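In what follows, chains are A, B, ... by sequence order, proteins preceding strands, each numbered from 1. From a predicted model like this one, the values you see are computed outputs, not experimental measurements.
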Amino acid sequence: MRGFNFNLWVGGILTLVVICGAVFAPLLTSLDPVFDANLMNAELPPGREFWFGTDAQGRDIFTRVLYGAQISLTVGVVSQVINSVIGLTLGISAAYWGGWWDDLVNGLTNVMLAIPSLIFALAIMAILGPGLPSLLIALGLTNWSWTCRIARSSTLSLKGQGYVQAAQTLGYGDIRIMATQLLPNMVGPILVISTLGIGAAVLAEAALSFLGLGIRPPFPSWGSMLTNARELIVIAPWATIFPGLAIFITVLGFNLLGDGLRDYLDPHMRTREQ
Amino acid sequence: QDPQSGGTLNFVAPYGSSFGTLDIHSTPATQDEFPAKAIHRSLYDWNSAEGKPELELATNVEVSDDGKVFTYTLRDAKFHDGKELTAGDIIYSYQRIAHPDNAFPGARYVSGVVGIDEFVDGSADSISGLKAIDDKTLEISYKEPVAEPGYELMRVNAAIYPEGAAEAADFQTSPVGLGPFKFVENIPGSRITVEKFEDFYEDGKPYLDKINIVLLDDASARDVAFRNQEIDVSVLGPSQYVAYQADDALKDNILEVAEVYTRHVGFNPDYEPFQKKEVRQAINHAINTDLIIERLVKNKAYRATGWLPISSPAYNKDAVPYAYDVEKAKQLLADAGYEDGIEFEITATQNESWGLTIVEAIIPMLADAGIRVTAKPVEASVLAEVVPAGDHQAFMWSNVSGPDPYATMKCFYSETTRAACNYWAFDNAEFDAVFDEATAEADPAKKTALLSQANDIVQEEAPSWFFNYNKAVMAYQPWLHGLQQNATELAIQNYEDLWIDDTAPDSRK
Amino acid sequence: MKDMATAPLLDIRDLHVHFPVGGQFLSRNKRTLHAVAGVNLSLAEGECLSIVGESGCGKSTTALAVMGLQEPTSGDILFEGGSIIGADAPDRMARARIAQMVFQDPYASLNPRQTVWRSLAAPLRLHGTTAKSEIEDRIADILQKVDLRPEHAARYPHEFSGGQRQRIGIARALILNPRILMLDEPVSALDVSVRAQIINLLLDLQEELSLSFVMISHDLGVVEHMSDRVAVMYFGQIVELGPWSAIFANPTHPYTRKLIATIPDPDTVLHPDRKVTAHAAPEPPEGYRFHPETVGRPDVYAAPEPSELVEIEPGHFIRAQRR
Amino acid sequence: MLRFTIRRLLQMIPTIFAVALLIFVIFSVIPGSFASSLMSDGRTNADPETLARINAEFGLDKPVHVRFGEYIVGLVQFDLGTSFRFREPVTEVIGDRVWASLKLSVAAMVFAIVVGVPLGFIAALRPGSILDTATMVGAVSGLSMPQFWLGLLLMYFFALQLGWLPSFGYGGGDPLYLILPAITLGVTPLALLARTTRAGVLEIMNEDFIRTAHSKGMSNARVVRWHLMRNVMVLVVTTIGLQFGSMMGQAVVIEKLFAWPGIGLLLVDSVAIRDIPVVQGTILVIVVWFLVINTFVDIIYAAIDPRIKQT
Amino acid sequence: MTPLLELKGLHVGIPARRGNVDIVTDVGFSILEGEAFGLVGESGSGKSLTALSLIRLLKKPLKVTAGQILFKGEDLRALSDREMRKLRGARIAMIFQEPMTALNPLKTVGRQIAEMFVLHQGKSWAEAERLAIGALADVQVPAPEERVRAYPFQMSGGMRQRVMIAIALACDPDLLIADEPTTALDVTVQDEVLKLIAQLCSARGTAVLLISHDLGVIANMCQRVGVMYSGRLVEERDTYDIFADPQHPYTKGLLGALPRLGSRHGEGGRQRLVDIDSLITDKASLLQEFYHEPRHKIRDPRVRAGGAA
Ligand SMILES: Nc1ncnc2c1ncn2[C@@H]1O[C@H](COP(=O)(O)OP(=O)(O)OP(=O)(O)O)[C@@H](O)[C@H]1O
Ligand SMILES: Nc1ncnc2c1ncn2[C@@H]1O[C@H](COP(=O)(O)OP(=O)(O)OP(=O)(O)O)[C@@H](O)[C@H]1O
Ligand SMILES: [Mg+2]
Ligand SMILES: [Mg+2]
């Protein structure tokens with residue numbers, strides 16, 4: 001008997017809304033987030049024409065929030081994919097092969113854990129200069145340690161399982177075993193942590209924007225919208241509220257989805273359903 | 001209302017979240033001038049009212065006929081440690097600034113003095129051009145004639161320390177100077193507190209008992225703190241400028257000044273389209289500069305015509321800025337052979353007044369004229385590296401354009417290197433001729449006229465999109481008086497003239 | 001029993017497997033666990049050899065070493081006279097056709113993300129059977145052999161009961177036609193009723209395919225039921241080895257006797273007199289003694305004291321120390 | 001226990017050196033320099049001669065490996081170099097700021113623990129109740145907000161609208177100034193702690209030994225006090241440690257927003273003006289802090305959980 | 001003679017609005033004082049649920065939906081939680097299958113034993129810990145004075161199970177429920193632990209409800225056996241009778257499926273074992289058929305004391 005998984009549903013719906021907003025942005029708005037700027041319309045409050053009002057440049061905030069979803073999702077998903085690839089590759093191979101490679105990966109993971117990822121990302125952004133590719137690299141290189149740990153511990157426990165040993169005795173190569181026997185069986189926890197990681201990346205983008213190392217304008221990223229509009233909070237509060245809400249809803253969606261997935265995949269945690 | 005004495009001032013240092021070293025000789029950062037201005041004095045000082053440097057530590061100066069030798073009669077003044085000011089202190093301070101072991105930014109202020117080369121290469125222990133005639137008489141000899149040494153010697157990086165003081169182990173933590181306020185305490189990252197120096201050389205000043213110079217670089221936080229009456233002054237950005245003007249409680253206490261900075265987008269002639277004057281002019285025509293100033297900068301700026309700013313003596317009041325004319329821009333582009341438009345990248349920082357915010361606004365405007373622009377965000381320190389190196393197609397910056405028009409226009413001289421300040425690699429024979437003439441000209445008025453003419457040539461050549469001259473805006477609490485309209489940097493105030501009245505809250509009494 | 005004169009199918013010679021334990025950074029109590037300390041065993045064609053012993057005595061480790069899943073510390077393992085470990089060992093692929101293993105836990109031994117078909121087809125493809133029809137035939141054949149229906153192939157492991165999973169595990173082990181089957185407690189995780197089915201199945205298969213079994217178990221009932229020969233292992237060493245009848249009718253080593261005596265046997269209700277302990281304890285062979293500690297717990301971190309396997313009747317060995 | 005402690009402390013050393021190497025490499029390829037940052041506000045014009053002199057003064061003209069060598073030699077003597085901007089030893093610069101950061105971190109953590117752990121406990125004792133749902137939704141929400149945004153809202157509300165609290169700064173140590181930044185910084189660990197505690201309680205409640213305790217005839221309250229608390233603490237202590245350890249790193253944004261003069265603010269500033277020795281030193285301090293806290297947690301852990309000490 | 005424990009028509013299931021889903025159906029048996037009663041059956045047949053329902057430790061959503069549980073003639077289902085707690089541990093104690101997890105890993109075993117004395121006898125901690133040493137000595141843990149300070153992880157599985165026994169027997173209960181107490185243990189250790197339980201219980205006159213799926217264990221330990229299948233009690237007899245002459249086809253199958261020591265004769269081919277599944281073609285009718293097998297048949301165990309070991 002499986003009850004209503006609140007987290008999974010609400011998280012899924014929120015995430016879906018954000019994804020739809022990003023994908024169908026050109027259909028949902030006729031304006032361009034960059035070039036439809038009219039300074040004569042600057043800082044208009046929300047109304048019939050501009051649902052979320054306009055910003056200091058006279059651009060439609062609704063449009064920019066929609067297109068911002070594309071950027072935020074790109075940042076979140078791509079950086080998380082990079083993280084997962086790094087973390088999984090290192091984690092699985094380290095645990096599978098062991099020895100000095102394991103020690104090395106462990107050491108590296110410890111180092112990565114010890115340096116706060118925001119600071120690491122800050123440093124990488126400072127080297128590469130602000131912009132989307134740098135952001136993807138910075139966030140993609142700095143958050144793989146948890147994935148790596150999970151991959152490593154999963155591998156360690158799976159390694160002793162009969163089917164992995166069976167694959168070895170059947171003559172499978174190491175890489176094939178990692179890809180077909182180990183990887184598919186840690187999809188659950190990795191999916192959970194990746195979902196949470198996407199949310200974290202969206203937040204990190206905002207924090208980096210706040211610290212002055214965000215995305216290349218004029219493309220709308222929620223973090224930079226928020227940071228730039230911060231000073232308008234008295235005269236044009238809508239310019240901060242909507243991108244802020246967008247971040248909140250997106251991250252909330254991914255966090256709930258992650259929790260929901262965890263509940264769904266891990267029966268031990270299915271306590272809420274009693 | 002007459003000035004009254006007493007009280008505490010919470011002044012704000014908005015350009016960073018910490019003070020660097022308290023040894024002001026060693027740092028050119030504006031932020032570090034906030035405490036230094038209270039603690040130290042230099043030979044000259046900037047007179048905001050008249051817009052020129054004036055003698056500060058000397059009562060009189062005699063200039064030799066060839067304009068090379070300056071003889072100062074020093075005033076009676078005491079350092080915070082009770083020592084009397086002598087010519088030796090000034091010589092000590094200038095030699096320290098110029099000393100080859102110290103990489104101090106002020107070194108160039110005295111680089112024209114006789115004997116500096118021997119001092120720098122180590123063959124002389126002292127600078128022969130700095131002479132103490134007696135305790136109160138100082139003679140400075142320059143290699144070339146100098147019109148006004150005050151432009152450089154007024155800088156607080158050229159502050160006068162008591163002789164030998166900087167060698168003391170605790171100078172960093174408790175600096176000693178001639179200024180109106182004594183150093184009391186430094187809470188790193190938070191504030192510096194100074195208190196009234198009773199023996200200050202100007203009678204009756206300073207008025208205030210104590211100043212807390214607090215660090216607060218975040219504009220929003222500053223806004224809240226100011227409205228909360230936690231600080232007495234606040235430097236405003238454009239949006240706050242509007243908000244404060246619209247607020248009855250705040251609008252009467254706003255101080256504005258045209259500062260000597262020109263905001264612009266400089267074009268790099270190494271990038272082919274920019275070698276054509278038409279292209280550069282087209283960009284100037286394609287941007288609705290007035291609209292940006294009005295709506296985005298909220299009128300917190302003055303429309304730029306050429307390079308020299310309004311507060312410059314050589315400013316051409318009759319110059320007409322490039323008109324907003326998209327058709328003309330397209331025409332000019334076509335004339336230059338770029339019918340299909342051009343594209344380029346602007347390297348800029350996050351700065352809202354002279355950075356990406358403005359670039360964002362011009363992108364759609366230029367797009368209308370077929371000019372496709374992308375922004376390349378960099379950090380401020382990187383901008384300052386790539387621009388002198390020429391590693392860009394175009395850059396947006398705010399550069400000092402005064403108060404000395406000669407020093408300013410020299411940057412466009414073809415012999416000035418890019419690494420110095422000719423960021424446009426500007427090379428124009430007509431300009432060079434006018435400038436050579438100005439260099440040779442001894443009469444200040446004629447010199448100014450020639451420089452004005454040179455400025456017109458720069459405007460015509462359009463090495464930059466001339467955007468605006470900064471309007472610095474400071475809000476202050478109603479009980480604060482005596483603020484000066486300092487065009488070189490509004491936030492830097494002569495604290496000794498400030499005073500607060502009885503309406504101040506208890507925390508300031 | 002087969003003729004032992006020719007080279008045995010599998011020959012384990014003086015196998016040692018040691019594990020370093022407590023080897024943490026800067027920690028001082030690094031020790032070596034002698035999990036397998038000198039095991040000699042041989043397996044004849046078509047024979048079922050059982051290894052019994054209590055938990056942790058090194059049964060699985062021995063099996064893993066044979067399977068190439070555990071690097072031996074020393075010793076040699078020969079297949080038809082040729083070494084299968086060390087430098088000139090056959091590669092994984094060749095080795096896969098020599099021996100396969102059936103694991104204890106039917107729940108952990110199948111990849112939950114693969115259908116039965118994939119689990120069975122992948123090894124075939126890997127070993128060069130690429131024709132689709134041939135693969136299909138082989139899978140249908142093997143499923144039928146383990147009493148499953150061909151349509152079961154499309155299912156995932158979680159759709160099967162424990163007994164069915166164990167059948168799939170056996171099918172996978174047999175798909176490459178190995179000569180030897182290693183059975184590591186193949187039935188101990190199963191319910192009594194299912195256990196019987198699997199035992200029956202294994203016996204059928206052995207006869208049908210003339211397989212050789214090495215079976216690991218601690219269930220003496222199963223061992224007696226299935227084995228030709230039995231090896232009793234105790235802390236890394238074989239203490240008694242012989243034909244099943246000799247081991248069960250005439251257990252000689254004190255540890256074997258203890259083991260048999262402690263088996264809870266329902267028949268004791270019916271025949272209380274049949275208990276092994278009812279017989280008098282036999283003497284060690286002339287000139288030898290049993291290690292005084294053989295019924296307590298020896299120190300697994302030290303190499304065992306020297307002792308040897310003494311043949312007390314043809315094919316029946318016990319471990320004893322020279323006096 | 002002492003041996004365990006010493007061993008754990010020694011284990012930090014390789015990590016510290018690896019971190020030192022990593023950040024040294026990163027910040028030696030970073031574009032921009034301290035010298036260029038000095039003229040970045042356009043207030044002074046570029047002066048190549050001065051720039052060269054400044055670079056020479058700070059030894060930036062030497063090759064990277066030489067500088068790293070010198071850095072490591074200094075590091076083992078607890079010398080982190082000299083700040084470009086402050087012209088003081090980095091250790092002193094950081095020493096001036098570290099107390100502010102500590103104060104903030106401790107206050108935030110205390111807030112998070114005092115509120116988060118009991119909330120998680122209460123939520124877990126009545127799973128599915130309104131209180132539980134509210135707590136968990138609140139916790140996820142707390143984790144889903146940009147911290148500086150939350151801080152800004154708090155600042156506007158409590159400082160500007162209500163005027164109860166000062167909005168920024170250190171106030172020379174007045175605890176009132178600590179409240180807003182500490183709350184803002186504490187929200188994330190609070191939410192995480194509430195969640196971990198809840199999950200921990202639910203997990204432990206399903207353990208066999210709890211069933212054993214019930215079979216002994218204990219009342220629920222006794223089971224909680226005698227068997228649940230301590231076991232949950234083992235789980236919670238880990239979260240506390242991780243959060244507390246990473247707090248200095250997290251505080252960067254908060255310190256910047258509230259102008260709190262801690263090392264986070266120092267770091268951001270120093271990166272911006274390329275005061276590299278301070279940047280390196282600060283990151284190292286943040287890392288060492290993380291390692292020390294986690295080592296300390298391991299030691300506490302060993303004290304609570306007898307299984308650890310043995311290995 | 002009234003039995004110590006008597007179950008009548010016990011149903012355990014998940015209460016639902018539209019009729020209960022019963023997992024344990026109409027189970028009834030009784031245990032006399034000092035008697036050892038065995039419950040066998042395959043995994044999932046409802047043995048543990050039956051046991052847990054006796055001491056009201058069923059986890060939500062499971063519940064006793066019908067039936068009586070009479071302990072010394074008193075219906076346990078009518079007791080309040082507080083009264084039930086007094087009974088639990090003191091009068092009815094339980095040992096679980098997994099000695100690895102049944103003890104709190106963070107507390108010394110001494111403390112965990114001492115809790116019983118504090119809870120049920122109002123002893124001080126100091127006194128209780130002293131009594132714990134005695135309790136450890138009773139379960140033949142060597143060097144009990146030192147072992148009281150040991151943590152569970154420092155003990156082997158067999159030792160831990162002894163500690164569990166010490167806890168269970170600390171307050172001299174009348175009934176000990178042992179749910180597969182030795183399945184996780186090695187054969188030799190299992191033998192020792194079982195002997196210990198038998199010895200201590202017979203010395204104290206404690207009745208035992210022993211759950212196992214190992215017929216051998218039941219045969220060695222119990223005077224009477226109940227066989228469960230699919231949530232029902234299908235046969236309940238004296239141990240000797242059930243092995244000598246099983247009645248129910250399931251029981252027969254169970255005995256036939258077991259490869260028993262000494263069952264193989266001669267060198268010849270190996271016989272196949274009985275396959276229960278092939279016997280049970282129709283589960284419903286199987287359950288139906290023997291549903292009315294006489295149960296609650298109580299005999300004085302002392303009458304045939306020689307029957308069991
Ligand atoms: N990878 C390993 N690292 C360290 N020790 C190990 C390892 N594998 C096994 N051991 C140890 O080696 C000994 C023998 O283990 P093995 O698994 O062979 O025992 P077993 O006889 O199969 O026991 P069981 O009946 O419990 O399966 C045990 O003490 C075990 O703890
Ligand atoms: N919380 C629950 N909800 C639903 N069904 C349950 C629950 N707990 C147990 N069951 C079911 O009740 C049945 C009986 O379980 P029980 O634990 O009593 O079996 P058992 O005879 O003790 O088996 P084993 O020998 O495996 O311990 C099983 O089929 C099980 O799936
Ligand atoms: Mg094993
Ligand atoms: Mg059970």
Side-chain angles (χ1 to χ4, degrees), chain C residues 1 48 52-57 147 161-163 187-204 206-207 217-228 243-245 248-249 255 258-272 274-276 295 297, chain E residues 40-45 156-157 182 184-192 194-195 212-222 238-244 250 253-267 269-280 306-309:
Chain C
M1 220 184 302
C48 175
V52 296
E54 68 192 276
S55 186
C57 70
D147 295 344
S161 71
V187 295
S188 58
L190 302 176
D191 241 1
V192 187
S193 52
V194 188
R195 193 179 288 191
Q197 295 170 0
I198 298 293
I199 291 171
N200 291 348
L201 173 69
L202 287 170
L203 292 176
D204 291 346
Q206 191 188 18
E207 280 169 17
S217 181
H218 52 234
D219 185 334
L220 289 182
V222 174
V223 168
E224 187 199 37
H225 193 83
M226 289 186 64
S227 328
D228 295 312
W244 72 270
S245 48
F248 285 96
Y255 178 69
K258 181 180 165 197
L259 205 58
I260 292 175
T262 54
I263 299 297
D265 183 0
D267 291 348
T268 49
V269 185
L270 305 175
H271 319 281
R274 276 231 326 248
K275 277 251 159 200
V276 175
V295 287
R297 301 219 137 211
Chain E
V40 285
E42 68 187 274
S43 187
S45 56
S156 68
T182 55
L185 302 177
D186 241 341
V187 266
T188 48
V189 183
Q190 160 170 322
D191 184 57
E192 292 163 11
L194 287 175
K195 278 189 179 134
S212 179
H213 55 239
D214 188 335
L215 286 172
V217 168
I218 298 279
N220 276 306
M221 291 280 294
C222 303
D238 275 3
T239 311
Y240 184 88
D241 295 347
I242 231 166
F243 284 101
Y250 177 73
L254 206 58
L255 289 171
L258 205 66
R260 273 184 272 174
L261 215 54
S263 63
R264 185 171 167 194
H265 301 287
E267 290 289 318
R270 288 154 279 190
Q271 311 101 317
R272 300 299 182 259
L273 297 161
V274 176
D275 183 347
I276 300 183
D277 282 357
S278 62
L279 291 176
I280 303 170

Region of C/D191 in contact with chain E, defined by heavy-atom distances below 4.5 Å: side chain
- prompt: Where does C/I199 contact chain E at under 4.5 Å (heavy atoms): side chain, backbone, both or neither?
  reply: side chain
message: Please check: side-chain N/O of E/N220 versus main-chain N/O of E/G216, any donor-acceptor pairing under 3.5 Å?
response: yes
- prompt: Between E/T239 (side chain) and E/C222 (backbone), is there a donor-acceptor pair under 3.5 Å?
  reply: yes
message: For C/D147 and C/Q197: C-alpha separation, side-chain torsions, deciding distance, then whether side-chain contact (heavy atoms from CB on, under 4.5 Å) applies.
response: CA-CA 10 Å; C/D147 295 344; C/Q197 295 170 0; over 6 Å; no
task: State the CD1-CG distance between E/I242 and E/L255, to the nearest 0.5 angstrom.
output: 8.0 Å
- prompt: What part of C/C48 is in contact with chain E, defined as an atom under 4.5 angstrom from a non-hydrogen atom: side chain, backbone, both or neither?
  reply: side chain
